[in-house]
Amino acid sequence: MSDLHLYNSYTRQKEKFEPSVPGHVGLYVCGPTVSGESHLGHARPYITFDVVYRYLTHLGYKVRYVRNITDAGHFEEEGREAEDKVAKKAQLERLEPMELVQKYTNLYHWGMHMFNNVNPSIEPTATGHIVEQINMIQDIIAKGYAYEVNGSVYFDVKKYAEKYPYGKLSGRVLDDLLETTRELDGQEEKRNKVDFALWKNAPPEHIMRWTSPWGEGFPGWHIECSAMSSKYLGTTFDIHGGGMDLLFPHHESEIAQSTIAHGHAPVRYWMHNNMITIDGRKMGKSYNNVIKLTELFSGNHPMLEQAYHPMVIRFYILQTHYRSTLDFSNESLQASERAFRRLWEAYEVLHKLQHPGNAEAGDPTLDAQVKTWCTECKEFMDDDFNTAKVIANLFELAPIVNSIKGGQIAQTALSAETFKLLQETFKVYLEDVLGMQALQVQQSDKLDKVLMLLIEMRKEARTRKDFATSDQIRNKLAEAGVLLKDEKDGSVSYTIE
RNA sequence: GGUCGGAUGGCCGAGUGGCUAGGCUCAGCUCUGCAAAAGCUGCUACAGCGGUUCGAAUCCGCUUUCGACCUCCA
């Protein structure tokens, strides 16, 4: 079906992708914790895996894409803060926990929409799957790999590691973890400090709580993903994605839980995107250097020189391979904005071009080159989703499109077949696979008519050589954010900033 | 401290041992009443030092340096 190869974090090498059920793909991506607003760093995995989903779909796979929402506040595993994040903030803001969850869920969905991310097939919530999580925990206890203490349940990592390769995904060595000198509170209940919570007893002040066989409490941090992914994708599914910072302990724990519960490893291909950095540092809550999406889109942040359109952010992210770090700066975002504008305008030009229909290429060398650039796009995507290279090729093609329009290249230079391929390539990769869309929404007919009137008046002034008037129209429109372009053929087009 | 990953031209970034990625910026030119847009041309870099090789940005070693994870984190 395809030649797709992807880098599997588990084996640390590129592997040929073969789904366990031919023609179908199960894709699970770690979604947000809706206790706060999404920031630029969060945008990366969602855009990265949106492209993964789009490309798999493009290849003809039937993909079930599951992306969870963590709406049950979790303790830190060692309970250092011993506070439920959601519950705490709810008190500060005097909101019901679920009200807060709803607010940030809505905001998150808005952000996803702005980025033109496709909705997942299923978007399960942690609070909606408490029963599944409890069942899974009971199963793990029954199999002897978890123990209850004071209403909390912990996973016995040391015992697990005796039979299974604990730490393989994240490159941890159990003995090293056990030797770590770091002392954390709330460890006394555990048999070993490496153990992690499956279920936590809820102290009286804790707002979010559910009845369980071990008393009132709430699920541990890692169990929801295991419970929900197996429910909707089966106990073995194809791709699990998330940020690199989730490798440990989150994904390592998921593997351990699921392996005990189901008797085998849950995931066939693990994919992890790298971080977005700012001044060379990971953008994250702990560094206090986040730029929220609302700030990014509005420009309302001390570090921002301007507002950035969601499509500019998307383009900027896709210009870099997903496993490389990507450094934020105004300069690079502005470069992305200019670049994307140019590319998208070429795409619009390509839309309008008509090919004369010659079957033979007038310029066989160019024809062959264009064909190569077009077909390479698939090879690049097949090579671990190399969107950067795809974009580079589209930029190779853009001047050709513009030159056909501008007359520097003859209309007949390309064969009809190649021209069609060129149009399809832009459509498929820029729109369908990379998920890009226009920066500006469609203009209303009324505005268009008004502008056409002004353009017509300017044209008349120019024929009279009344350049004072024509320039005035152009300059005033420019001040209003409407840029006029005199085309080679005498027509005039406009773009609205 | 442990584990892992980076260091590429003015900036951002891709790179599968040999064949200039690409973008942005900048300069010149073409087109244009002027501009903008577009097109063309120019700008050959791979942290340092060794090694392997006919040939290294790419492989190996060391050094310098930055970062990620080890704790909630995309």
Side-chain angles (χ1 to χ4, degrees), chain A residues 12 14 29-33 35-36 38-49 73-81 83 85 167 170-173 175-177 179-182 184 221 241-250 272-277 280-287 290 315-316 319-321 323-329 331-343 345-346 349 380 383 386-396 398-403 405-409 462 465-467 470-471 474-475 478 483-488 493 495:
Chain A
R12 296 169 195 233
K14 279 184 198 170
V29 175
C30 286
T33 300
S35 59
S38 297
H39 59 74
L40 176 58
H42 295 118
R44 194 165 193 194
Y46 304 139
I47 290 171
T48 297
F49 292 105
H74 288 299
F75 267 61
E76 288 182 352
E77 189 195 324
E78 274 81 16
R80 190 169 47 156
E81 293 296 320
E83 282 170 323
K85 276 191 287 179
S170 57
R172 295 302 121 125
V173 178
D175 289 341
D176 292 344
L177 291 170
E179 278 169 23
T180 306
T181 52
R182 172 177 238 138
L184 297 162
W221 177 33
M244 266 181 191
D245 49 356
L246 295 179
L247 271 164
F248 189 88
H250 187 54
H272 291 91
N273 63 276
N274 215 318
M275 303 292 103
I276 286 182
T277 58
R281 254 226 151 77
K282 171 187 167 186
M283 183 178 286
K285 269 177 251 174
S286 36
Y287 295 116
V290 303
F315 194 71
Y316 153 79
Q319 270 181 301
T320 305
H321 186 83
R323 283 191 289 111
S324 301
T325 54
L326 170 57
D327 198 54
F328 166 88
S329 71
E331 210 181 352
S332 47
L333 275 174
Q334 283 158 13
S336 287
E337 181 173 325
R338 292 204 179 93
F340 177 60
R341 276 184 196 280
R342 188 163 78 83
L343 191 61
E345 278 181 32
V349 165
F380 294 156
D383 184 15
N386 199 326
T387 55
K389 283 183 133 185
V390 171
I391 290 173
N393 268 31
L394 294 178
F395 272 113
E396 296 280 14
I400 291 167
V401 171
N402 287 327
S403 293
K405 184 199 176 198
Q408 295 97 331
I409 292 176
R462 290 180 71 204
K465 300 221 185 293
D466 177 7
F467 297 121
S470 69
D471 286 354
R474 186 176 65 198
N475 294 339
L483 299 178
L484 298 187
K485 282 187 267 182
D486 293 328
E487 304 292 354
K488 283 260 186 328
S493 64
T495 53

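Because the structure is a prediction, the values reported are computed rather than measured. Just so it is clear: chains get the letters A, B, ... in the order the sequence lines come, proteins before strands, and each one is counted from 1.
- In this structure, A/Arg281 places its CZ atom 17 Å from C1' of B/A74, rounding to the nearest Å.
- Judged by distance alone, the side chain of A/His42 and the main-chain N or O of A/His39 form a donor-acceptor pair under 3.5 Å.
- An OP1 or OP2 oxygen of B/A74 is reached within less than 4.0 angstrom by no side-chain nitrogen or oxygen of A/Asn273.
- A distance of about 11 Å separates the P atoms of B/A7 and B/G13, rounded to the whole Å.
- What separates CZ of A/Arg172 from P of B/G1 is a distance of 17 Å, to the nearest Å.
- Rounded to whole Å, the C1' atom of B/C72 lies 24 Å from the corresponding atom of B/C66.
- Using a 4.5 Å heavy-atom cutoff, the side chains of A/Thr320 and A/Arg44 are in contact.
- Under 3.5 Å, the side chain of A/Asp327 and the base of B/G13 form no donor-acceptor pair of N or O atoms.
- In plain terms, the two heavy atoms of A/Ser332 and A/Tyr316 that are nearest each other are OG-CE1, 3.8 Å.
- A/Thr387 and A/Gln319 share no donor-acceptor pair across their side chains, judged by distance under 3.5 Å alone.
- Using atom C1' as the reference point in both B/A68 and B/G9, the two lie 27 Å apart (nearest Å).
- Interface remark: the A/Asp486 side chain does form a donor-acceptor pair with the B/A35 base, using a distance-only criterion of under 3.5 Å.
- Between A/Lys485 and B/U32 there is no side-chain N or O to OP1 or OP2 distance below 4.0 Å.
- As judged by a 4.0 angstrom heavy-atom cut-off over every strand, A/Ile276 is placed among the base-contacting residues.
- Using a 4.0 Å heavy-atom distance criterion, A/Leu246 is classed as a sugar-phosphate-only contact.
- In this entry the distance linking CG of A/Leu343 with C1' of B/G13 reads 16 Å, nearest Å.
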- Item | Watson-Crick or G-U pairs under 3.5 Å in RNA chain B, rendered as dot-bracket with [ ] for crossing pairs and | for another strand | (((((((..(((.....[...))).(((((.......)))))....(((((..]....))))))))))))....
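- Checked against salt bridge (charged side-chain N to carboxylate O under 4.0 Å, His left out), A/Glu345 has the following partners two or more places apart in sequence or in another chain: A/Lys485.
- Counting heavy atoms from C-beta outward, A/Met275 and A/Met244 have side chains that approach closer than 4.5 Å.
- Side-chain atoms of A/Lys14 and A/Asp383, non-hydrogen and from C-beta on, do get closer than 4.5 Å to each other.
- Taking atom C1' on both B/U65 and B/U20, the two are 29 Å apart, rounded to the nearest angstrom.
- At whole-Å resolution of the value, NE2 in A/His42 and P in B/A74 are 3 Å apart.
- The residue A/Phe380 sits apart from the nucleic acid: no heavy atom pair falls under 4.0 Å.
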Between the protein and nucleotides 45-47 of chain B, which nitrogen or oxygen pairs come in under 3.5 angstrom?
none

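- Residues A/Asn402 and A/Val349 meet the side-chain proximity criterion, which asks for heavy atoms closer than 4.5 Å.
- A gap of 31 Å separates the P atoms of B/U64 and B/G18, to the nearest Å.
- For the 3.5 Å distance criterion, the side chains of A/Thr277 and A/Asp327 qualify, holding a donor opposite an acceptor.
- At the heavy-atom level, A/Gly406 lies nowhere under 4.0 Å from the strands shown.
- The distance from atom CZ of A/Arg12 to atom P of B/C4 is 8 Å, rounded to the nearest whole Å.
- Side-chain proximity of A/Gln408 to B/A74, B/A14, B/G39: nearest is B/G39.
- Across the C1' atoms, B/U58 and B/U52 are found 14 Å apart, a figure rounded to whole Å.
- Once the 5.5 Å centre distance and the 30° plane angle are applied, the aromatic ring of A/Phe467 is found stacked with the base of B/G33.
- The side-chain heavy atoms of A/Arg323 and A/Asn273, taken from C-beta on, include no pair separated by under 4.5 Å.
- When rounded to the nearest whole Å, the span between CG of A/Leu484 and P of B/A38 equals 15 Å.
- Remark: side-chain polar atoms of A/Ser403 are not paired, donor with acceptor, to backbone N or O of A/Ile400 under 3.5 angstrom.
- Sequence order on RNA chain B of the closest nucleotides to A/Phe328 and A/Pro45 puts A/Phe328 first from the 5' end.
- Neither OP1 nor OP2 of B/A38 sits under 4.0 Å from any side-chain N or O of A/Ser403.
- You'll find the side chain of A/Arg341 reaches within 4.5 Å of the side chain of A/Glu337, heavy atoms only.
- Residue contacts shown for A/Met275 include a base, since a base heavy atom lies under 4.0 Å away.
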- Using a 4.0 Å cut-off on protein heavy atoms (strictly under), produce a 5'-to-3' string for nucleotides 19-29 of chain B with B for base contact, S for backbone-only sugar-phosphate contact, and - for none. --BSSSS----
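- Following rounding to the nearest Å, A/Leu177 (CG) and B/G1 (C1') show an atom-to-atom distance of 13 Å.
- A/Phe340 is linked by a ring-ring contact (aromatic ring centres under 6.0 Å, His included) to A/Phe315, A/Trp344, counting only residues two or more places apart in sequence or in another chain.
- Of the candidate nucleotides B/C72, B/C70, B/G39, B/C72 has the atom lying nearest to any side-chain atom of A/Ser286.
- The A/His321 side chain lies nearest to B/G15 when the options are B/G15, B/C12, B/A74.
- A/Ser493 comes within 4.0 angstrom of nothing in the nucleic acid, heavy atoms only.
- For the pair A/Asp466 (side chain) and A/Arg462 (backbone), a donor-acceptor distance under 3.5 Å is absent.
- In terms of the side chain to side chain donor-acceptor pair (under 3.5 Å) criterion, residue partners of A/Ser170 (sequence neighbours excluded) are, by chain and number, A/Glu252.
- Straight-line distance between the C1' atoms of B/G48 and B/U16: roughly 26 Å, to the nearest whole Å.
- For A/Asn386, a side-chain nitrogen or oxygen approaches OP1 or OP2 of B/G15 to under 4.0 Å.
- For A/Arg44 and A/Arg462, each mapped to the nucleotide of RNA chain B holding its nearest heavy atom, the one lying further toward the 5' end belongs to A/Arg462.
- Between B/A38 and B/A74, the two P atoms lie 39 Å apart (nearest whole Å).
- With rounding to whole Å, A/Asn475 atom CG is found 13 Å from B/A35 atom P.
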